[in-house]
Asks: 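Please read through the structure below; I'll follow up with questions.
Please read all numbers here as calculations on a predicted model, not as lab measurements. Any value given below was found using the heavy atoms of this structure, including those in side chains, with hydrogens, waters and symmetry copies removed.
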Amino acid sequence: MDEFRTSGAARDPRFLTFRSAGHLYAVPADSVSEVMRLPAIARVPQAPQSLMGLANLRGSVLPVASVRALLGRSEAAATPASRLIVLQGTSPVALAVDEVSDLVRIAHEAIRAAEADVAASTGERLQGVFESKSDVVKILDIPELLRVAFVARTTSLQRADVGAVSRAPACALANTVRARVVTFDVAGQEYALPLGAIREIVATPAHLTIVPGSDDAVLGIVAYHDRLLPLLSLRRLLDLPAAAGRGEQALIVSFDDVLIGFVADRIRAVISVDVERLEKLPPVLAARLGGETQVKEIYRAANDRLIAILAPDRLLREDVMKTLAQSDATIKSTRQRHAPEDEVVELRFLVFRLDNEEFALPIEAVDEVARVPDQITRLPKAPEFLEGVINLRGEVLPVIDQRRRFDMPSSIATTGKRLVVVRTDRHRAGLIVDSVLEVLRCSPNQITSSPDLAGDSHDVVRSVINLEASGRILLLLDPSTLLTRSERDLLDAFGKDRGKTSRKIRP
């Protein structure tokens, strides 16, 4: 990283000069906190063209504005010379430029402020000009350029109300609480665990540390945040045939103060369970298994698909649990020991991908995750974002193409696409996303307000989840603002007529 830091004030002002689209510009050096290479940038959907996205700068989330776009010029691919100029202030912002040139000190009398309007080209806002090494350098009025390019949001939306992130969906869903489970494949059979027991869903690491002399179900241990996590094979625990691979994903389950990763072949979906379709394990089978079978119930899903719901507390023998609890290979629950237990707050989110960007939704707002149906019934005169409707277990559900909703280019790829069924206080809809990545847990202090330069993005991204350890920034969506007022009115009208529509759609 190339860094530039200001020092004490001097009699003559200093300027940092840089190039953009072949032109030479400058900003006052005392407004610059540092210069750095371009980091990973999370792009904000429907943001103004000048906003490239958000970047993580040592734990702080900064908006990144393109100087080319601020001046009304076309973008160009980044090069090794491209840099970010980080400006300090009450609302810090980073400027993406083609190249940083020099740090110069200019006498007051050499700065020609009166020529600013004459020297300005189309789109430029200048505070003055000066000459440096036979070049004419234009001093950009960055605050004015930002004011013109971005629409400031209201003060009430500039604050990150972490409580609202966790409270609002729960209040909206208070009268529609449903049991939800995560389904997964093990040796060609479908199983499930209660969503409430699962702390996170992560990809199985490529490298595991083997523990000599451990139980044959223990695949190894891995680093998990600042602790160690044992990974156990569900195939071995369920006495199913072994496989060549170790499984794609791990479900991290909490047992009081102990966390354990259970490795499945692959995660299938998050589904809402109709309690009327739950059946106890047949008594004869339970008796033959000694009454302590790991299968708690059988769920008869759509098309008579049978899913065995496992009891987390029965997956491990009591002696194994005691050994794990006392072992250094056990990760303790991330509880703040210095704070009272009732003050500890942990939030859960469903993380999904659109294009190359990662988004998150509060888990309380997600009813289920399923594969995208092969057939979606189109509606005449429907807006472009509304893909159509489907019959989901007898309920007519509108389906929204989230790529189109965020003005992203369409994708021809179908593998991995998922339907995320989201519920708010007024609507229930399915969102088509490129892929679902994980169920993430984080603390409120990892959530911060989205920077002010959001423009006319319908306030969809009000907050971001800043995972400083991994350098990731997740755009946290507010389910209640995924649609504009007119689109919500359209779905309201659709809801009134859905009975008529449902008679035209066969399950």
Side-chain angles (χ1 to χ4, degrees), residues 179-206 208 215 217-225 227-240 242-243 245-273 293-297 299 301 307-317 320-321 324-325 329-334 346-352 360-361 363-364 366 368-371 416 418 420 435-442 470:
R180 286 173 295 175
V181 299
V182 176
T183 67
F184 47 89
D185 285 343
V186 180
Q189 301 181 50
E190 191 172 2
Y191 295 88
L193 280 169
L195 181 60
I198 296 174
R199 182 182 182 88
E200 251 185 289
I201 299 175
V202 299
T204 305
L208 303 177
D215 188 285
V218 179
L219 296 174
I221 58 175
V222 295
Y224 179 77
H225 300 307
R227 311 272 181 130
L228 296 178
L229 175 74
L231 290 184
L232 280 67
S233 167
L234 279 171
R235 281 181 174 255
R236 300 306 300 267
L237 291 173
L238 298 174
D239 291 325
L240 296 172
R246 58 167 65 105
E248 296 179 0
Q249 292 168 297
L251 301 98
I252 300 176
V253 177
S254 174
F255 296 90
D256 296 325
D257 62 344
V258 178
L259 295 181
I260 299 173
F262 293 100
V263 177
D265 295 352
R266 71 182 180 95
I267 306 300
R268 291 178 63 98
V270 178
I271 64 172
S272 294
V273 171
T293 174
Q294 296 128 323
V295 177
K296 180 181 179 182
E297 295 169 305
Y299 180 58
I307 303 174
I309 299 180
L310 302 175
D313 56 343
R314 299 178 193 168
L315 284 173
L316 299 176
R317 302 190 313 270
V320 175
M321 281 297 299
L324 288 173
T330 300
I331 174 174
K332 301 299 182 183
S333 179
T334 54
E346 194 172 51
L347 307 175
R348 293 195 301 167
F349 301 93
L350 181 78
V351 180
F352 64 89
L361 279 167
I363 198 68
E364 294 88 353
V366 178
E368 63 181 275
V369 178
R371 294 185 179 275
R418 291 293 183 267
V420 179
S435 61
V436 170
L437 302 180
E438 60 182 313
V439 175
L440 172 74
R441 289 188 184 233
C442 71
S470 58

Asks: Roughly how far apart are L234 CG and L251 CG, rounded to 0.5 Å?
Replies: 7.0 Å
Asks: Tell me whether R371 contacts the main-chain N or O of R268 through its side chain, where contact means a donor paired with an acceptor under 3.5 Å.
Replies: no
Asks: Which atom names give the shortest non-hydrogen contact between L315 and L237, and what distance separates them?
Replies: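 Closest heavy-atom pair between L315 and L237: O-CD2, 3.7 Å.
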Asks: Between L193 and L310, is any pair of side-chain heavy atoms under 4.5 Å apart?
Replies: yes
Asks: Tell me if a side-chain donor or acceptor on T183 pairs with a main-chain N or O of A269 at a distance below 3.5 Å.
Replies: yes
Asks: Evaluate side chain to side chain contact (heavy atoms under 4.5 Å, CB included) for Q189 paired with L238, printing each intermediate quantity in order.
Replies: CA-CA 11 Å; Q189 301 181 50; L238 298 174; over 6 Å; no
Asks: Provide the closest heavy-atom pair for V295 versus R314 in the form atom of the first, atom of the second, distance.
Replies: O-NH1, 4.0 Å
Asks: Side chain to side chain contact (heavy atoms under 4.5 Å, CB included) between R235 and V263: does it pass, once the steps are laid out?
Replies: CA-CA 8 Å; R235 281 181 174 255; V263 177; over 6 Å; no
Asks: For R418 and V436, which heavy atoms make the closest approach, and how far apart are they?
Replies: CB-CG2, 3.8 Å
Asks: I need the L259 CG to R199 CZ distance, nearest 0.5 Å.
Replies: 5.0 Å
Asks: If you look at every heavy atom in P194 and V181, which pair is closest and at what distance?
Replies: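 Looks like CA-CG1, 4.1 Å.
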Asks: Please lay out, stage by stage, how R180 and I271 fare under the test side chain to side chain contact (heavy atoms under 4.5 Å, CB included).
Replies: CA-CA 6 Å; R180 286 173 295 175; I271 64 172; over 6 Å; no
Asks: Do V253 and I260 come close enough that some side-chain heavy atom pair is under 4.5 Å?
Replies: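 They are not in contact (no side-chain heavy atoms under 4.5 Å apart), so the answer is no.
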Asks: What closest approach, in Å, do A192 and I307 show between heavy atoms, and which atom pair accounts for it?
Replies: CB-CG2, 3.7 Å
Asks: Drop me the distance from E368's CD to L350's CG, to the nearest 0.5 angstrom.
Replies: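 One gets 12.0 Å once the value is rounded to the nearest 0.5 Å.
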Asks: Which distance, rounded to the nearest 0.5 Å, do you find between the CD1 of I309 and the CD of Q294?
Replies: 15.0 Å
Asks: Report the distance from atom CD of E438 to atom CD1 of I198, rounding to the nearest 0.5 Å.
Replies: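 Result: 13.0 Å between the selected atoms.
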Asks: Work out which heavy atom in F349 is nearest to a heavy atom in C442; give both atom names and the distance.
Replies: CE1-SG, 3.5 Å
Asks: Within a strict 4.5 Å, meaning less than it, do heavy atoms of the L195 and I363 side chains meet?
Replies: yes
Asks: Roughly how far, to the nearest 0.5 Å, is CG of D185 from OH of Y191?
Replies: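 Going from OH on Y191 over to CG on D185, the span is 10.0 Å.
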